[in-house]
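Below you'll find the structure, written out as structure tokens, and then a few comments.
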Amino acid sequence: MRKLVIVNGPNNNFYGIRNKGQYGNQLYADLIEELKEYGATLGFEVESFQSNGEGALIDYFQSLYYEAEKTGKKIPMVLNPGAYTHYSYALMDALESVHTLVPAIEVHMSNIQGRDNFRHISVTAAECLGQVSGMGKTSYKMAMFAFKQLEEEGNL
């Protein structure tokens, strides 16, 4: 099975607790378990990582790069940067640094275009293959499915 990682930024570990109107009632751990099971049906071994800290996220991206370099296999990343989406040039730079071996698709459970004006801008999406938002947990699944399609087409 090919490895796929799901990476979540700040406050995403509070799914099911924080702002249930936007993010639903499902607890974070249950969502990750569901995504791991879905990934397995696509042929992915899913690993997850969450941090509320920008530096830890960057360190994780870089560790994935070195792992992919060592194994000779790209590691697809489904990334929800949380609030860092809108202002973290450090995450953007890190994504640019690793994207040749760790391609990312940015996801958001909520429709970021339908929320506060500051949420309409993503500085991180430019360094990702694409972005899926507004579909709840299905946003994650759509990104995972997209990676499966890219793999089958020989583009991953």
Side-chain angles (χ1 to χ4, degrees), residues 1-54 56-58 60-61 64 74-92 94-96 98-99 101-156:
M1 276 196 196
R2 178 184 213 125
K3 180 176 181 171
L4 177 142
V5 296
I6 297 170
V7 179
N8 282 290
N11 297 309
N12 292 335
N13 60 314
F14 261 46
Y15 288 153
I17 299 169
R18 172 183 174 238
N19 197 347
K20 293 179 185 181
Q22 286 290 342
Y23 306 112
N25 294 320
Q26 186 176 32
L27 293 173
Y28 179 76
D30 296 332
L31 171 64
I32 293 300
E33 188 56 37
E34 181 178 336
L35 295 174
K36 286 181 178 184
E37 290 171 9
Y38 177 70
T41 70
L42 298 175
F44 290 120
E45 179 182 342
V46 176
E47 177 180 296
S48 68
F49 180 80
Q50 189 279 329
S51 179
N52 292 319
E54 191 175 40
L57 292 165
I58 293 168
Y60 185 69
F61 296 171
L64 292 172
K74 291 181 181 182
I75 301 173
M77 175 168 50
V78 175
L79 171 65
N80 185 335
Y84 290 137
T85 301
H86 315 294
Y87 66 87
S88 179
Y89 296 104
L91 279 189
M92 180 191 74
L95 288 166
E96 188 275 330
V98 304
H99 71 84
L101 295 179
V102 186
I105 296 176
E106 182 175 298
V107 300
H108 300 281
M109 290 180 71
S110 67
N111 176 3
I112 61 174
Q113 297 303 314
R115 296 183 67 192
D116 313 284
N117 285 340
F118 78 89
R119 295 183 196 275
H120 297 181
I121 296 170
S122 170
V123 299
T124 50
E127 297 302 334
C128 296
L129 297 176
Q131 182 190 76
V132 181
S133 69
M135 304 297 167
K137 65 183 173 187
T138 303
S139 294
Y140 288 91
K141 292 178 179 181
M142 291 171 74
M144 295 167 78
F145 183 77
F147 275 124
K148 181 62 176 176
Q149 292 300 115
L150 289 169
E151 181 180 54
E152 288 177 359
E153 295 166 2
N155 295 318
L156 181 62

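Here, residue 1 is the first one in the sequence, and each next residue gets the next number. Because the structure is predicted, anything quoted here is derived from the model rather than measured. Computation of the quantities below employed the complete heavy-atom set of this structure, encompassing side-chain atoms and omitting hydrogens, waters and symmetry-equivalent molecules.
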Can you find a heavy atom in the side chain of Phe49 that is under 4.5 Å from one in the side chain of Leu57? yes
Taking side chain to side chain contact (heavy atoms under 4.5 Å, CB included) as the definition, give me every residue that meets it alongside Glu37, ordered by chain and number, with sequence neighbours left out. Glu33
Test side-chain contact (heavy atoms from CB on, under 4.5 Å) applied to Asn12 and Met109, step by step: CA-CA 10 Å; Asn12 292 335; Met109 290 180 71; over 6 Å; no
Write down the atom of Val7, the atom of Met77, and the distance for their closest heavy-atom approach. CG2-SD, 3.5 Å
Nearest heavy-atom neighbours spanning Ser51 and Gly53: OG-N, 2.9 Å
Does the side chain of Pro76 come within less than 4.5 Å of Leu156's, by heavy atoms? yes
Side-chain heavy atoms of Cys128 within contact of His99, under 4.5 Å: no
Heavy atoms of Gly9 and Gln50 approach each other most closely as O-NE2, 3.1 Å
Can you check whether Leu95 reaches Met92 side chain to side chain, under 4.5 Å on heavy atoms? no
What's the shortest heavy-atom distance between Gly134 and Ser139, and which atoms? N-OG, 3.8 Å
If you count every heavy atom of other residues, nucleotides or ligands that lies below 6.0 Å from Glu45 atom CD, does the total exceed 12? no
Shortest non-hydrogen separation from Ala40 to Met1 and the atoms involved: O-CE, 4.2 Å
Test log, rule side-chain contact (heavy atoms from CB on, under 4.5 Å), inputs Glu127 and Glu106: CA-CA 9 Å; Glu127 297 302 334; Glu106 182 175 298; over 6 Å; no
Between Thr85 and Gly82, is there a donor-acceptor pair closer than 3.5 Å when you use the side chain of the first and the backbone of the second? yes
Side chains of Lys141 and Glu34, heavy atoms from C-beta outward: is any pair under 4.5 Å? yes
Do Val98 and Leu64 have side-chain heavy atoms sitting under 4.5 Å apart? no
Is there a side-chain contact between Val78 and Phe147 (heavy atoms, below 4.5 Å)? yes
Measuring from Lys137:NZ to Asp30:CG, what's the distance to the nearest 0.5 Å? 9.5 Å
Quick check for you: to the nearest 0.5 Å, what is the distance between Ile105 atom CD1 and Ile6 atom CD1? 11.5 Å
Here's a test for you: under side chain to side chain contact (heavy atoms under 4.5 Å, CB included), which of Ile32, Asn13, Leu79 qualifies with Asn8? Ile32
I'd like to know whether Ile58 forms a side-chain contact (heavy atoms from CB on, under 4.5 Å) with Leu91, so could you lay out the CA-CA distance, the side-chain angles of the two residues, the decisive distance to 0.1 Å, and finally the verdict. CA-CA 6 Å; Ile58 293 168; Leu91 279 189; 3.7 Å; yes
By the salt bridge (Lys or Arg N to Asp or Glu O under 4.0 Å) test, which pairs, at least two apart or in different chains, include something from residues 77-92? none
Does Lys74 offer a backbone N or O that forms a donor-acceptor pair with the side chain of Arg2 under 3.5 Å? yes
Contact check, side chains of Lys148 and Leu4, non-hydrogen atoms, under 4.5 Å: no
For Tyr38, what residues pass the ring pair (Phe, Tyr, Trp, His ring centres under 6.0 Å) criterion, not counting sequence neighbours? none
Would you please classify the geometry between the Tyr140 ring and the Tyr15 ring as parallel, tilted or perpendicular, with 30° and 60° separating the classes? perpendicular
To the closest 0.5 Å, what do you measure between OG1 (Thr124) and OH (Tyr89)? 10.5 Å
Correct closest heavy-atom pair for Lys3 and Val5 would be CE-CG1, 3.7 Å
With no hydrogens and no angle check, is any side-chain donor or acceptor of Tyr84 less than 3.5 Å from a backbone partner on Asn52? yes
